[in-house]
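Below is one structure, written out as structure tokens, with a few remarks after it.
So that the names make sense, note that chain A is the first sequence line, chain B the second, and so on, each numbered from 1.
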Number of protein chains: 2
Amino acid sequence: MTQFDDEASFLAQYNARDFVAPLMTVDPVLFTYHEASLKVLLVERSNHPERRLWGLPGGFVDMVSDQSLEDTARRKLQEKTGINAPYLEQLYTFGSATRDKRGWSVTVAYTALMAYQECAAHIETVRDAKWWEFEALNDMTLAFDHREIIQTARERLRQKALYSIVPAYALPEKFTLPELQHLHEVLLGKALQKKSFRRRIEEAALLIATGEKRSDGNGRPAVLYRMKEDAGRHMFVRNLEE
Amino acid sequence: MTQFDDEASFLAQYNARDFVAPLMTVDPVLFTYHEASLKVLLVERSNHPERRLWGLPGGFVDMVSDQSLEDTARRKLQEKTGINAPYLEQLYTFGSATRDKRGWSVTVAYTALMAYQECAAHIETVRDAKWWEFEALNDMTLAFDHREIIQTARERLRQKALYSIVPAYALPEKFTLPELQHLHEVLLGKALQKKSFRRRIEEAALLIATGEKRSDGNGRPAVLYRMKEDAGRHMFVRNLEE
DNA sequence: CAAATAGTGTCTGTTAGACACTATATG
DNA sequence: CATATAGTGTCTAACAGACACTATTTG
């Protein structure tokens with residue numbers, strides 16, 4: 001390798017094209033909660049590879065328009081589904097020689113949460129975009145290693161349900177405590193004591209009562225709350241039981 | 001873009017060299033505990049860019065020899081320092097257009113822990129390898145965004161000290177409870193109640209008494225323990241106070 | 001009124017904090 | 001013996017679980 005006196009001349013001759021790097025993608029796993037169940041947003045691929053299979057709404061980093069990995073995640077969600085998620089957090093990075101048939105590839109996965117809204121395919125590389133029930137994915141063949149990625153995201157979200165109210169980002173802006181509790185119950189796969197659940201949220205002062213109530217026709221109406229600004233960052237010192 | 005009938009012909013014409021991907025590196029943050037303080041292993045760069053600056057012992061993914069990102073992390077640690085760490089966990093992925101002067105770059109950071117041992121530079125791209133006291137890094141200019149990466153790793157390790165005994169991987173195979181407690185105290189930046197600390201570890205049955213004791217000359221000798229196989233995976237349901 | 005769902009009062013159980021105590025080493 | 005460090009006994013405080021109770025809605 002040639003030696004250079006100074007960094008400036010080193011950088012002047014440096015050309016990233018001289019080196020082959022792994023394929024570099026970003027894959028958001030977008031969850032929501034609707035009709036009492038957890039849903040994941042998937043898109044049907046209209047191009048090779050893995051054409052016609054459902055997978056995550058991710059894609060390549062655009063070295064011109066993206067300044068950061070989070071930019072890529074937001075852009076891909078926007079392009080493929082028209083969605084802008086209020087919660088986006090890096091999950092894990094999956095990289096290996098074999099996960100993509102095109103060669104060594106790396107994907108940075110993000111967990112995203114948002115209130116349910118209808119969605120549709122937005123660009124030509126996507127035939128369709130659809131919310132799938134999490135449980136239904138067991139019977140499907142998904143693109144690449146996307147099943148493993150979704151499984152990892154789901155597991156992390158389960159953990160967060162034990163010590164935070166991050167799952168609330170999967171609800172509409174205004175929601176009731178029974179709704180939030182049920183979402184946590186879905187994530188944890190077990191019933192929770194409503195007294196415990198409500199008490200810890202109230203004592204940590206994470207929510208603001210809007211003054212409104214909502215009834216679904218049966219029984220006493222529930223108070224509607226919205227999250228305080230930083231409620232998603234709060235961590236309880238003691239977990240709910242597993 | 002040309003259309004292909006089947007995936008095989010698509011893959012046959014696909015050439016990763018046709019696309020420019022970000023630079024792709026892996027950076028392990030290797031911690032140990034020695035002489036009552038937390039240390040980080042850094043190497044002095046002998047090549048551009050950032051020549052002569054100290055940074056993490058990372059490097060490019062080798063698409064031939066590495067099968068996974070963890071392979072890269074282990075290989076780089078081995079090459080640059082001769083070390084094989086008993087604890088290695090993915091930390092976070094840092095990627096942006098500006099973090100490396102050569103262009104858009106992504107690094108997958110790993111946290112590694114090991115018992116203290118002497119180390120030395122192992123290859124020509126490294127002038128020197130050295131354990132630095134974590135506190136000393138404040139006064140240094142480090143390569144790239146490595147200060148931020150180390151800070152993130154340190155913060156994650158602090159979190160783990162609250163609900164696990166993962167930090168024990170930074171100790172020798174046999175260690176005493178007062179040693180482990182002091183390491184946690186360094187990580188948390190506050191004194192802990194020894195009764196609480198010992199009680200939770202004993203009740204979770206995470207350690208095995210070796211039968212040996214060790215005295216440092218002063219006072220009653222402490223019992224030496226080693227970690228049970230899966231002790232690093234145990235998570236206490238209730239955190240220590242912050 | 002009954003049925004259904006929201007929300008509370010209050011007791012128990014678990015586990016961390018506080019801190020004084022005992023145990024075992026050295027010199 | 002004094003000193004130093006390891007390790008224990010035990011009370012308190014915080015907070016989740018259990019579960020019966022009250023509250024508010026519809027029909």
Side-chain angles (χ1 to χ4, degrees), chain A residues 35-36 159-165 171 174-185 187-225 234-242, chain B residues 35-36 159-165 171 174-185 187-225 234-242:
Chain A
E35 290 171 344
Q159 284 296 327
K160 287 195 190 285
L162 290 173
Y163 62 78
S164 80
I165 58 164
L171 298 177
K174 296 176 186 179
F175 56 88
T176 68
L177 278 174
E179 274 177 338
L180 180 57
Q181 179 174 343
H182 188 258
L183 167 53
H184 279 245
E185 287 172 340
L187 288 170
L188 298 174
K190 66 166 284 203
L192 296 173
Q193 292 286 338
K194 72 182 157 182
K195 181 62 178 179
S196 307
F197 189 78
R198 305 175 69 98
R199 185 174 41 203
R200 68 203 314 246
I201 290 174
E202 179 173 23
E203 281 169 9
L206 299 178
L207 304 182
I208 298 166
T210 62
E212 301 161 88
K213 296 183 179 191
R214 183 173 57 206
S215 172
D216 53 352
N218 278 17
R220 175 174 170 177
V223 172
L224 282 164
Y225 295 88
H234 181 83
M235 290 163 75
F236 297 99
V237 293
R238 189 166 155 187
N239 284 6
L240 294 173
E241 277 184 4
E242 308 217 35
Chain B
E35 291 170 345
Q159 284 297 328
K160 287 195 190 284
L162 290 172
Y163 61 78
S164 80
I165 58 164
L171 298 177
K174 296 177 185 176
F175 57 87
T176 69
L177 278 175
E179 274 177 338
L180 180 58
Q181 179 173 342
H182 188 259
L183 167 53
H184 279 246
E185 287 172 340
L187 288 170
L188 298 174
K190 66 166 284 201
L192 296 172
Q193 291 286 337
K194 73 183 158 180
K195 181 61 179 181
S196 306
F197 189 78
R198 304 175 71 100
R199 184 173 42 203
R200 67 202 317 244
I201 290 174
E202 178 174 23
E203 280 169 9
L206 299 178
L207 304 181
I208 298 166
T210 61
E212 301 161 87
K213 296 184 179 190
R214 182 172 59 207
S215 172
D216 52 353
N218 279 15
R220 176 174 171 177
V223 172
L224 281 164
Y225 294 88
H234 182 82
M235 290 163 75
F236 297 100
V237 292
R238 188 166 156 189
N239 284 6
L240 294 173
E241 277 183 4
E242 308 217 35

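- Residue A/Tyr225 is tested with A/Thr176, A/Leu177, A/Leu180 for a side chain to side chain contact (heavy atoms under 4.5 Å, CB included); the sole match is A/Leu177.
- One donor-acceptor pair, N or O on each side, does fall under 3.5 Å between the base of C/dG17 and the side chain of B/Arg199.
- B/Arg238 contributes a side-chain N or O that forms a donor-acceptor pair with the base of C/dT15 under 3.5 Å.
- Contact annotation: side chain of B/Arg220 to base of C/dA25, donor-acceptor pair absent below 3.5 Å.
- B/Arg200 has a side-chain polar atom (N or O) that falls below the 4.0 Å cut-off from OP1 or OP2 of C/dA16.
- Rounded to an integer number of Å, the gap from NE2 of B/His182 to C1' of D/dG7 is 18 Å.
- Mapping A/Glu203 and B/Val223 onto DNA chain D by nearest heavy atom places B/Val223 closer to the 5' end of the strand.
- Among all heavy-atom pairs drawn from B/Leu188 and B/Ala161, the shortest one is CD2-CB, 4.0 Å.
- One interatomic measurement links the two molecules: CD of A/Glu212 to P of C/dA6, which rounds to 17 Å at whole-angstrom precision.
- The nearest whole Å value for the distance from the CZ atom in A/Arg214 to the P atom in D/dT26 is 15 Å.
- The separation between A/Gln181 atom CD and C/dT8 atom P is 13 Å, rounded to whole Å.
- In this structure, A/Phe197 places its CZ atom 19 Å from C1' of D/dC19, rounding to the nearest Å.
- Between the side chain of A/Thr210 and the backbone N or O of A/Leu224, at least one donor-acceptor pair lies under 3.5 Å.
- If you take CD of B/Glu202 and C1' of D/dG7, they are 10 Å apart, rounded to a whole angstrom.
- The side chain of B/Glu241 has C/dG17 as its nearest neighbour among C/dG17, C/dA4, D/dT25.
- Spacing between atom CZ of B/Phe236 and atom P of C/dT14 amounts to 17 Å, rounded to whole angstrom units.
- Taking B/Lys174 as the reference, B/Glu212 meet the salt bridge (charged side-chain N to carboxylate O under 4.0 Å, His left out) condition, with sequence neighbours excluded.
- Heavy-atom distances under 4.0 Å link DNA chain D to B/Lys194, B/Lys195 of residues 189-196 of chain B, given in residue order.
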Pair up each side-chain donor or acceptor in residues 190-207 of chain B with any protein partner under 3.5 Å, not counting sequence neighbours, and list the distances.
unit_1: B/Ser196; atom_1: OG; unit_2: B/Arg199; atom_2: NH2; d: 3.4
unit_1: B/Arg200; atom_1: NH2; unit_2: B/Arg238; atom_2: O; d: 2.6

Q: Report the C-alpha distance between B/Gln159 and A/Met235 in whole Å, list the side-chain angles of each, state the deciding distance to 0.1 Å, and finish with yes or no for side-chain contact (heavy atoms from CB on, under 4.5 Å).
A: CA-CA 11 Å; B/Gln159 284 297 328; A/Met235 290 163 75; 4.1 Å; yes
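- The interatomic distance linking B/Arg198 (CZ) with D/dG7 (P) rounds to 4 Å, in whole Å.
- Residue A/Asn218 has its side chain nearest to C/dT5 when only C/dT5, D/dA16, D/dG7 are considered.
- Across all their heavy atoms, B/Pro221 and B/Lys213 have their closest contact at CB-CB, 4.0 Å.
- If you find the closest nucleotide of DNA chain D to A/Pro221 and to B/Leu224, the one lying nearer the 5' end belongs to B/Leu224.
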